[in-house]
Colleague: 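Supplied in structure tokens, the structure appears directly below.
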Amino acid sequence: MSPEPVASARPQERPRSAELYERACRVIPGGVSSPVRAFRAVGGTPLFIARGAGAQVFDADGRAYLDFVCSWGPLIAGHAHPQVVAALQEALSRGTTYGAPCAAEVELAERVVAAYPAAEQVRFVSSGTEAVMSAIRVARAFTSRDLIVKFAGCYHGHADHLLIAAGSGLATFGRPSSAGVPEAFIACTRVLPLDDEAAAAELFAREGARIAAVIIEPVPANHGLLPQRRAFLQSLRELTRQHGALLIFDEVISGFRVGRGGAAERLGIAPDLATFGKVIGGGMPVGAFGGARKIMSRLAPDGDTYQAGTLSGNPVAMAAGGATLDLLSRESGWERLEASGAELERLLLPVLAAAPFPVHLVRIGSLFWLSLHGAGAPRTAAPLTAAESAHFAALFHAMLDRGIYLPPSAYEACFLSLAHGSAELARFAEALRGSLASIA
Ligand SMILES: *Cc1c(COP(=O)(O)O)cnc(C)c1O
């Protein structure tokens, strides 16, 4: 049994986190290694985490929280699962990296190929960003075309040609969503709205012969959770096929999360290429991309498309991924996660019905989002109003005070793990009831 979380305190009452943050800000930009961790959207001092166990994290001041961030998705087995830790220790004792092939990468590749029929071959990298970057390069090589199509509200990591947001109005030419992205890259990317077959058809009618690939999160989970209609995704499958372009499913979140075969299996739609990350590394830095052999064989050393990595496929990371996928298969992991998601939904519906402002639960399996959009559960990326953002910040801190750690942004999805049992789900629902009441 996990101990009851101690109610957290105000930032000034978390002296160790406050001290670490102050030191961090001197030597790390914004004090963090990835921006959303900095609590800018909710205010306050980020928690510095000292330890994780199962469904809990413990901050540097010794307080416990139920964790619904799960490191933004990877920790599908929970923190420090004994079987994952054992696999890591066993691998570590034989060295951390060889810069040469090893059995563990062949085994993980065989698992991916068996689970995901569209991936006849895979290659491992060290992050989701790298997986997407490499998939796009091989798509461009295979089609001998340059243009990439992406969707507003989808995130594909921080490679230059994907840090493009929707332009104004109906323009499909995007604008950079970051400084430092060259004009020349923007010129190669088109941005479309989600949930809009007509916009995609119109773009292909105009520029179809120049489009190398369409990339989409089949379960968009980086601007809240924006479930798509199957017919829309199927239309992208057909359009790309008609025009000789490739369809890339970015399954960095959905892969091995929404089911063994990811979103492709759930939807019954096979992409030409797919990218993986997060769950596939079991908490270690792993990404992968895969697809049809005829496309993947364009990669060096078989083909002319360069792609490489010093630590790619290293035995420790592969062991964590392998142990995690093993666990999910052996313990009916995806069925259990689906059941946990459904249980949480049952618990939350009456709580949300009584909320003082509109809160909608959007859920796909063990991924869920508390949508504060007054309009309900959107299918396209829409910004929250200032009032809705303020409600989220208040909700975030009220939950933190009750020992529940949510992602510190209204646009981030929450995750369940195998360690989130009925007791944890009930505690979440109760904390949400109390938090909403305290804001009212
Ligand atoms: C997290 C994420 C990425 C980037 O992965 P990193 O490992 O953070 O580089 C890419 N695509 C999607 C859909 C993601 O959620």
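For reference, positions follow the sequence shown, starting with 1. We count ligands from 1, going down the list as the structure has it; atoms in each ligand are counted the same way.
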Colleague: Give the atoms of ligand 1, by number and element, whose distance to some non-hydrogen atom of S127 is under 4.0 Å.
Modeller: 7 (O), 9 (O)
Colleague: Test side-chain hydrogen bond (donor to acceptor under 3.5 Å, both in side chains) on Q307 and R298; report intermediate values, then the result.
Modeller: CA-CA 10 Å; Q307 189 282 327; R298 289 297 295 263; over 6 Å; no
Colleague: Among all protein heavy atoms, pick the one closest to atom 9 (O) of ligand 1 and tell me residue, atom and distance.
Modeller: T129 OG1, 2.6 Å
Colleague: Would you mind checking which non-hydrogen protein atom is closest to atom 3 (C) of ligand 1, with the distance to 0.1 Å?
Modeller: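 The closest one turns out to be V252 CG1, 3.7 Å.
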Colleague: Does a side chain donor of either R145 or H243 reach within less than 3.5 Å of an acceptor in the other side chain?
Modeller: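 Absent: no donor and acceptor within the cut-off.
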Colleague: Can you spot which of F428, F415, Y405 makes a ring pair (Phe, Tyr, Trp, His ring centres under 6.0 Å) with F68?
Modeller: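 Option passing the ring pair (Phe, Tyr, Trp, His ring centres under 6.0 Å) with F68: F428.
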Colleague: Please indicate whether H158 has more than 12 foreign heavy atoms, meaning atoms of other residues, nucleotides or ligands, lying under 6.0 Å from its NE2.
Modeller: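 Counting neighbours around NE2 of H158, 12 or fewer heavy atoms of other residues, nucleotides or ligands fall under 6.0 Å, so no.
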Colleague: Nearest to atom 11 (N) of ligand 1, what protein heavy atom do you find, and at what distance?
Modeller: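 Its nearest protein heavy-atom neighbour is D250 OD2, 2.7 Å.
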Colleague: Measuring from Y155:OH to E217:CD, what's the distance to the nearest 0.5 Å?
Modeller: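 One finds 10.0 Å between OH of Y155 and CD of E217.
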Colleague: Do any nitrogen or oxygen atoms of G128 come within less than 3.5 Å of a nitrogen or oxygen of ligand 1?
Modeller: yes
Colleague: Atoms of ligand 1 less than 4.0 Å from H156 heavy atoms?
Modeller: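 Result: 10 (C), 11 (N).
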Colleague: What part of E217 sits under 4.0 Å from ligand 1 if we count only heavy atoms: the side chain, the backbone, both or neither?
Modeller: side chain
Colleague: Is E335 paired with R260 through a side-chain N to carboxylate O contact shorter than 4.0 Å?
Modeller: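 Salt bridge absent between R260 and E335.
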Colleague: Give the residue, atom name and distance (to 0.1 Å) of the protein heavy atom nearest atom 14 (C) of ligand 1.
Modeller: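 Answer for atom 14 (C) of ligand 1: K278 NZ, 3.0 Å.
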Colleague: Please check if atom CZ in R229 has more than 12 non-hydrogen atoms from other residues, nucleotides or ligands closer than 6.0 Å.
Modeller: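 Counting neighbours around CZ of R229, more than 12 heavy atoms of other residues, nucleotides or ligands fall under 6.0 Å, so yes.
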Colleague: Indicate the atoms forming the closest heavy-atom contact of T143 with A212, along with that distance.
Modeller: OG1-CB, 3.3 Å
Colleague: Taking non-hydrogen atoms only, is N222 closer than 4.0 angstrom to ligand 1 via side chain, backbone, both or neither?
Modeller: side chain
Colleague: Check ligand 1 against I253 and write out every atom of the ligand that is under 4.0 Å from a heavy-atom position of the residue.
Modeller: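 Atoms satisfying the 4.0 Å criterion: 15 (O).
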Colleague: Could you see which bit of E251 sits under 4.0 Å from ligand 1, with heavy atoms only: side chain, backbone, both or neither?
Modeller: neither
Colleague: Mind checking whether E130 has an N or O less than 3.5 Å away from an N or O of ligand 1?
Modeller: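 Between E130 and ligand 1 (N or O atoms, distance only) the closest approach is not under 3.5 Å.
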